[in-house]
Amino acid sequence: MKTERKIALAGNPNVGKSTVFNELTGSNQHTGNWTGKTVDLAEGCYYYKYNDYKLYDLPGTYSLVISSKEEEVARDFIEGLDYECIVCVVDATNLERNLNLVLQISEITNKIVVLLNLCDEAKKRNIKINCEKLSEMLGVPVVQATARSGKGINNLLEAVHNVVTGNENPNPKGITYISPIEQAVGVLERAGLERYKALRILEDGKEPDDLKLKAAYLKAWNILERFNVSGDNFIESRTLSVYQKSDLIRKTVSEALPSKAEKREKVLDKVLMGKYTAIPCMLFIFAVVLWITIAGSNYPSDLLRNVFDHFEIWLADTLAGWGISAIVISLVVNGILRVLLWVVAVMLPPMAIFFPLFAVLEDFGVLPRIAFNLDPCFKFCGACGKQALTTCMGYGCNAVGVTGARIIDSPRERKIAIITNSLSPCNGRFPLLIAVTAMFFTKNTLLSALILLGFITWSMAATLLSSFMLTKTALKGDSSSFVLELPPYRKPQFFKIIGQTVKEKVFFVLLRAVAVAAPAGLVIWILANIKVGDAMLLNVIAEFLEPVGKFMGLDGVILLAFILGFPANEIVIPIILMTYLSTGELSDYSSLESLRTILVDNGWSATTAICTCVFSMFHFPCSTTLLTIWKETKSVKWTAMSVAVPLLLGFVLCVFINFIF
């Protein structure tokens with residue numbers, strides 16, 4: 001008789017838990033090479049020896065003494081004992097630190113299997129682990145594996161099955177050692193203080209005014225002083241391993257001289273994280289990614305537009321042959337369908353290039369180092385260093401960046417990250433920036449990439465400035481601690497990354513854009529085909545907006561295009577063309593030169609081009625992002641703030657640029 005068995009996957013961040021989960025369940029959960037990826041509890045199923053197993057992938061945690069929301073989720077699940085076996089995934093290259101969690105869990109349950117993962121990396125680093133001796137000393141089954149290649153997974157299945165069915169009864173023998181910092185923080189937490197505030201008080205050495213907290217503070221510092229921790233070495237003490245080196249490590253692990261791989265990693269880190277080379281390297285990497293995206297997306301975009309043009313002609317002729325009226329055909333084909341297909345043609349190629357490139361950098365281990373380099377900047381602005389991660393996510397899609405803010409523990413800092421994420425120009429804004437840059441500044445793809453890099457650098461400065469202003473006004477407070485473990489460099493799994501990224505990000509974002517593009521096409525068609533006198537309603541509204549547009553260095557048509565482009569930024573240029581030409585339908589252009597001629601004939605100058613690019617970077621979020629913000633904050637106030645901050649910044653900058661030029 002089949003029964004469902006509950007199995008939990010636990011472990012430190014970045015030890016390959018999600019990879020193990022994917023191997024066991026066939027799921028495609030994202031497995032990025034940095035911490036903070038698994039925020040929620042993931043579930044999956046697998047079948048082995050007449051048993052159905054339900055697998056839970058817990059968020060990564062270093063200890064059962066929690067320091068974040070995701071660690072709280074993991075701790076509550078582990079202490080709830082609602083499982084028949086828990087698989088502790090351990091990084092074979094860092095056994096000493098990882099065993100702390102194993103030993104803590106062993107005090108709660110004996111239904112444990114230790115999975116020694118990343119054994120291939122341990123071999124490259126000349127690290128040898130006596131698996132049998134480790135199993136004997138821990139008193140639990142230990143399985144060696146390299147989950148990325150599937151090696152050792154069958155042994156894991158058998159070990160879990162033996163524990164669940166009672167064929168093997170582990171007898172844990174470990175002893176837990178909690179660092180003095182964790183003990184002191186625990187005292188303040190039990191007094192009712194949030195963890196990040198407790199860390200801040202201990203780090204600053206400021207005695208609280210509240211009598212209850214003062215007593216807890218003094219007790220906490222008594223603990224620290226017993227272990228010779230002072231204000232001078234507090235930071236250093238926090239970074240020490242929470243598991244003290246013991247006979248267990250000495251008897252099971254042997255390390256040879258540093259391998260060639262380790263030496264190469266040290267050289268790479270000196271370059272990517274050097275005092276004088278970090279920022280130039282980061283800018284260079286972004287420039288290369290943007291250049292590949294620009295150069296690689298032009299041809300497929302043109303190809304898709306040609307295919308869609310022929311499809312529109314065929315569909316219009318077919319509908320006419322069925323006797324459907326010309327107005328209905330125009331509404332369906334030239335209105336709804338054209339906007340929808342335009343979004344696909346413009347969004348799909350750059351996303352299909354940009355997202356996988358970002359994923360490759362992430363899997364290789366570069367993006368966590370970029371976030372590390374940006375951490376001091378965000379800390380200086382009073383924000384959380386994890387905002388560097390969400391900002392990077394926003395360059396792909398702002399909606400993704402907003403949901404990524406869940407990794408930030410402090411509600412105040414999470415709101416800052418959400419509100420400012422729209423200041424990162426997303427993938428949907430690149431077509432306008434690229435087209436305007438090519439028409440008015442340079443046709444060279446490399447120079448276009450450098451100009452686009454300049455815009456991105458500008459957006460990063462705007463994000464930091466806005467974050468700083470928010471921490472001094474609407475969201476006052478001190479920044480919390482940010483601990484980012486830098487993962488080792490790993491050879492990216494190119495084909496797996498491309499498949500996962502296309503499925504999880506490219507098509508996901510594209511489908512959401514398409515869902516709002518269809519109704520937007522209907523609204524635009526109606527505005528373009530309703531006449532007020534001899535003019536389209538579209539032109540009447542544009543004329544009404546003209547004074548504000550001119551004041552900003554734009555015009556009424558451009559301003560209206562951004563408003564109507566609220567569902568998807570990709571349709572801004574087509575709306576501008578349709579309004580200038582009064583065609584009553586979205587217009588394409590045969591070449592950038594022909595588009596430039598149309599724009600110049602309608603009053604565009606270099607100043608107009610600059611202001612249009614600036615307003616494209618800094619204006620209200622698109623409908624998809626705004627809906628995501630509402631879902632994440634559940635607040636009209638903070639959703640409205642997410643609109644007001646980028647819109648106000650864009651307005652002020654455009655007015656200033658127009659005044660200067």
Side-chain angles (χ1 to χ4, degrees), residues 338-339 342-343 346 422-423 425-426 428-441 451-452 455 458-459 517 520-521 523-525 527-528 535-589 592-623 643 646-661:
R338 182 163 296 177
V339 173
W342 179 280
V343 170
V346 173
S422 294
L423 297 174
C426 67
R429 294 182 240 182
F430 287 173
L432 184 146
L433 294 172
I434 293 167
V436 173
T437 299
M439 285 185 292
F440 287 89
F441 305 113
I451 292 173
L452 194 56
F455 283 132
W458 198 358
S459 75
V523 172
I524 294 167
W525 185 90
L527 292 176
M536 293 189 308
L537 182 56
L538 208 60
N539 292 105
V540 173
I541 300 173
E543 189 174 342
F544 175 77
L545 295 172
E546 186 73 12
V548 180
K550 288 293 184 184
F551 185 63
M552 295 172 60
L554 309 171
D555 62 24
V557 172
I558 302 171
L559 209 53
L560 177 61
F562 277 109
I563 295 171
L564 294 178
F566 171 65
N569 290 296
E570 293 77 13
I571 61 177
V572 170
I573 288 182
I575 295 173
I576 291 173
L577 279 178
M578 180 176 67
T579 311
Y580 282 151
L581 300 174
S582 300
T583 57
E585 60 187 46
L586 281 184
S587 304
D588 199 354
Y589 50 91
L592 285 177
E593 195 58 41
S594 65
L595 175 57
R596 186 182 189 281
T597 301
I598 295 170
L599 298 179
V600 171
D601 289 344
N602 283 273
W604 275 54
S605 63
T607 303
T608 313
I610 294 172
C611 290
T612 301
C613 288
V614 169
F615 198 66
S616 176
M617 288 198 304
F618 308 126
H619 68 287
F620 44 81
C622 71
S623 58
V643 174
L647 187 59
L648 179 62
L649 182 62
F651 177 81
V652 170
L653 284 173
C654 286
V655 170
F656 178 75
I657 292 169
N658 187 42
F659 176 77
I660 292 296
F661 287 99

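When side chains are defined from C-beta on, N569 does not count as touching L432, because their heavy atoms never get closer than 4.5 Å. Two residues are said to be in side-chain contact when any heavy atoms from C-beta on lie closer than 4.5 Å; V523 and F566 fail this criterion. Counting heavy atoms from C-beta on, the side chains of P425 and F430 come closer than 4.5 Å. The closest side-chain heavy-atom distance from M578 to I524 is below 4.5 Å.
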| task | List the steps and the verdict of side chain to side chain contact (heavy atoms under 4.5 Å, CB included) for F544 and L559. | result | CA-CA 10 Å; F544 175 77; L559 209 53; over 6 Å; no
| message | Let's go through V652 and F618 carefully: what are the C-alpha distance in whole Å and the side-chain angles of both, what is the deciding distance for side chain to side chain contact (heavy atoms under 4.5 Å, CB included) to 0.1 Å, and is it a yes or a no? | response | CA-CA 10 Å; V652 170; F618 308 126; over 6 Å; no
| field | Steps toward side chain to side chain contact (heavy atoms under 4.5 Å, CB included) verdict (L649, F615) | value | CA-CA 9 Å; L649 182 62; F615 198 66; over 6 Å; no
| message | Apply side chain to side chain contact (heavy atoms under 4.5 Å, CB included) to residues Y580 and D601 and explain how you reach the verdict. | response | CA-CA 10 Å; Y580 282 151; D601 289 344; over 6 Å; no
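Here the CE atom belonging to M552 is positioned 9.5 Å from the CD1 atom belonging to I558, to the nearest 0.5 angstrom. Note: W458 CH2 to C613 SG = 9.5 Å, rounded to the nearest 0.5 Å. Expressed to the nearest 0.5 Å, how far CG of L554 lies from OG1 of T612 amounts to 5.0 Å. L564 CG to I541 CD1: the interatomic distance, rounded to the nearest 0.5 Å, is 7.0 Å. Annotation: the span from H619 atom NE2 to I563 atom CD1 amounts to 10.5 Å, rounded to 0.5 Å. Taking CG from L527 and OG1 from T579, the interatomic distance works out to 9.5 Å, rounded to the nearest 0.5 Å.
Between the N602 side chain and the I598 main chain, a donor and an acceptor come within less than 3.5 Å of each other. A donor-acceptor contact shorter than 3.5 Å is absent between the side chain of N658 and the backbone of T607.
For M536 against A528, the heavy-atom pair with the smallest separation is SD-O, 2.9 Å. Counting all heavy atoms, side chain and backbone alike, G565 lies closest to I575 at N-CD1, 4.1 Å. L538 approaches L560 most closely through the heavy-atom pair O-CD2, 3.2 Å.
With a 6.0 Å radius and a threshold of 12 heavy atoms from other residues, nucleotides or ligands, E546 has its CD atom above the threshold.
Below 30°, between 30° and 60°, or above 60°: for F651 and F551 the angle between ring planes is between 30° and 60°, a tilted geometry.
For T608 and S605, the side-chain atoms include at least one donor-acceptor pair closer than 3.5 Å.
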